[in-house]
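On a predicted model such as this, the values are computed, not experimentally measured, just so you know.
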Amino acid sequence: MDFPALYRLMAWLSPAYPIGAFSYSSGIEWAVEAGDIKSADTLLRWLAVVVGEGGGFCDAMLFAHAHRAVAANDDEALRAVAELAAAFAPSKERHLETTAQGNAFVEATRAAWGCDAIERLKQVWDGAVAYPVAVAVAASGHGIAVEPALAAYLQAVAANLVSAGVRLIPLGQSDGQRVLAALEPVVTATAQRALTTALNDIGSAAVRADLASARHETQYTRLFRS
């Protein structure tokens with residue numbers, strides 16, 4: 001990967017990028033209150049399932065297919081992926097999480113890193129944009145290969161979830177980094193599997209995490225939006 005590609009990925013996926021990622025926990029807040037997550041080990045096990053078998057894998061698939069649709073100049077495929085991504089969230093809050101971040105990413109990137117691919121996305125799809133689709137379109141539009149772009153995207157998602165866990169359990173920063181390091185093979189395997197999976201085979205097996213996201217909506221006290 002050349003320097004400009006690396007620079008852009010680091011900018012877009014930085015916690016400082018103005019999409020509000022820090023305000024979402026993907027249901028981790030409820031899981032902590034319910035006692036499912038109470039230590040570094042339980043956080044690691046929870047996130048390994050979410051990333052490898054749940055929303056992380058589904059988002060990785062959507063990312064890969066959106067990236068390829070842009071690279072192939074296939075507007076019909078791009079619209080289909082964007083529509084599926086917006087419809088596929090398993091709860092109201094997960095839908096808010098992915099589309100609020102996705103729409104914010106599109107607007108921030110149009111302002112600072114504009115490209116034809118983002119404008120094409122706006123033309124072919126007038127609905128809310130899911131976060132993985134937004135990042136994939138930008139990456140493909142800027143000529144960044146799908147493999148490193150997807151790996152960087154999944155690492156950023158995992159890091160944000162670890163950060164939420166560190167604040168909620170709470171954990172020390174060193175424990176958080178150990179969890180993130182332990183997730184490396186999960187992220188790697190998830191990215192590789194997503195690159196070779198047909199879009200029609202998309203699906204999730206992280207039922208407890210989906211329930212946590214739905215339960216969070218009525219949680220009495222909340223620090224996070226999801």
Just by distance, no angles: are the side chains of Glu29 and Gln219 close enough, under 3.5 Å, to form a donor-acceptor pair?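 The answer is no; no qualifying pair exists.
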Side-chain donor-acceptor pairs of residues 75-91 under 3.5 Å, sequence neighbours excluded:
| residue | atom | partner | partner atom | Å |
| --- | --- | --- | --- | --- |
| Asp75 | OD1 | Arg120 | NE | 3.2 |
| Asp75 | OD1 | Arg120 | NH2 | 2.8 |
| Arg79 | NH1 | Val124 | O | 2.9 |
| Ser91 | OG | Arg94 | N | 3.1 |
| Ser91 | OG | Ser213 | OG | 2.6 |

May I ask you to decide if [Y]'s main-chain N or O and [X]'s side chain share a donor-acceptor pair within less than 3.5 Å?
X: Asn160; Y: Ala21; answer: yes
X: Thr42; Y: Ser39; answer: yes
X: Ser140; Y: Ala136; answer: no
X: Thr99; Y: Ala128; answer: no
X: Asn103; Y: Val129; answer: yes

With sequence neighbours excluded, tell me which residues meet ring-ring contact (aromatic ring centres under 6.0 Å, His included) with His142.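 Per chain and number, His142 pairs via ring-ring contact (aromatic ring centres under 6.0 Å, His included) with Trp12.
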State which residues pass side-chain contact (heavy atoms from CB on, under 4.5 Å) with [X]; sequence neighbours excluded, sorted by chain then number.
X: Ala108; result: Tyr17, Pro18
X: Met1; result: Ala5, Leu6, Leu9, Pro148
X: Thr190; result: Val51, Phe57, Ala60, Leu154, Val186

Closest approach of Leu161 and Ser25, non-hydrogen atoms and distance?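 Scanning both residues, the minimum pair turns out to be CD2-O, 3.9 Å.
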Centroid-to-centroid, Tyr153 to Tyr131, below 6.0 Å?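 Centroid distance Tyr153-Tyr131: below 6.0 Å, so yes.
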Holding to side-chain hydrogen bond (donor to acceptor under 3.5 Å, both in side chains), I want the full list of residues that pass it with Gln155, two or more places apart in sequence or in another chain.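 If we apply the side-chain hydrogen bond (donor to acceptor under 3.5 Å, both in side chains) test to Gln155, skipping adjacent residues, there are no hits.
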I'd like to know if Lys92 pairs up with Glu97 as an ion pair, taking the criterion as any Lys NZ or Arg NE/NH1/NH2 lying under 4.0 Å from an Asp or Glu carboxylate oxygen.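 Answer for the salt bridge query: no.
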